[in-house]
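Take a look at the structure set out below.
Every number for a ligand or one of its atoms is a count from 1 in the order of the listing. The basis for the numbers below is simple: all heavy atoms, side chains too, and nothing from hydrogens, waters or symmetry mates.
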Amino acid sequence: MSKRGCRPGWLVAALLSLVSGWAAASPPTVLATTGMIGDTVQAVGGECINTEVLMGPGVDPHLYQASASDVQRFRDAALIAYNGFGLEGQLDNVLARFGERSPTLALAEAAAAQGPAGVIAGDEGYATDPHLWMDAALWAQGLTPLRDALTAIAPDCAGLLAARADLHRSRLLALDAWLAESIATIPAPQRMMISAHDAFAYFGRAYDLEVRGIQGISTSAEAGVADIQRVAGVIAERGIPAIFVETTINPRTVEAVLAAARQRDAEVRIGGSLYGDALGEPGGLAEDLIGMLIANGITLVTALGGEVPPLPDALSPWQGRKRIFMEQLVE
Ligand SMILES: [Zn+2]
């Protein structure tokens, strides 16, 4: 018999109590709906919070419906963090039901309520355009209410949560300045972004880029022939060199616009894939929100004839993935 088998009963009991004490101290779970929300919770929460994300890369939040196992996750969460402004339209019932028993935080709504940058009106049943994460400085306004909500469920971590919120704010503000600097390198007549759905109104306002969606804010409606011809006309008239597809949206509409513009002798191509409503795959540049906006900046600037500036020191953790992303863009 090994020594292990002779371990006295009191030692086993002591070990068990240690393990159960340890389990009791495990961090509270925050269930985030989209990747952008989950990444922001993780950035502030760190080790103090167990962050779980409902929607993975490439999932469209406008259309996402909760499964039976999702409902269990809502039930078990210490805090439910979602975007709000109707982005997760199909989850309204679940959010209302579990919002009565668990604390919730609508992060985009909380960010907007902090001021001073206001919201943009929506269309097609969206009173407010919900895509606030596209404006890094506006999104940073949500860090204070997020810090407070996390501190309420992990009070022992108050100091760490405050420090992490401050660090993430400084990074988002550095990103905000870099995006403005980047977009400004695009020659003025070409400083226009055309993509399938209206996810980029905040991006356009913040970084001085004219934005045209082809099918509106919702992704559930198809663009009509008139929409396609109207946008094709703008491309031909302005000499826009590239239009963009999105990772969560069927590229059919963009391809139809491309064909219609070429019939008008416009020299235009697909300028690449933008991240609109979901993060990219793990390991890639767009695996987190800051990387996603850097990736969008690089894709836009490169396709529309600008020049990508170096990242500021505050964003040095993204430097390596940025370089790989740019190398792949050239290939
Ligand atoms: Zn959207």
**Report entry** Between R169 and T144, a side-chain donor and acceptor under 3.5 Å
**Finding:** yes

Query raised in the report: Within the stated cut-off of 2.8 Å, is an N/O/S atom of D60 closer than that to the Zn ion (ligand 1)?
Result: no

Query raised in the report: Between the side chains of R323 and Q328, does any donor sit under 3.5 Å from an acceptor?
Result: no

Report task. Report the name of the N/O/S atom of H62 located nearest to the Zn ion (ligand 1). Result -> NE2

Requested in this report: Answer yes when R171 and D176 have at least one side-chain N-carboxylate O distance shorter than 4.0 Å, and no when they do not.
Outcome: no

Query raised in the report: Looking at the Zn ion (ligand 1), which N/O/S atom of D277 is the nearest one?
Result: OD2

**Report entry** T34 vs V53 side-chain heavy atoms within contact, under 4.5 Å
**Finding:** no

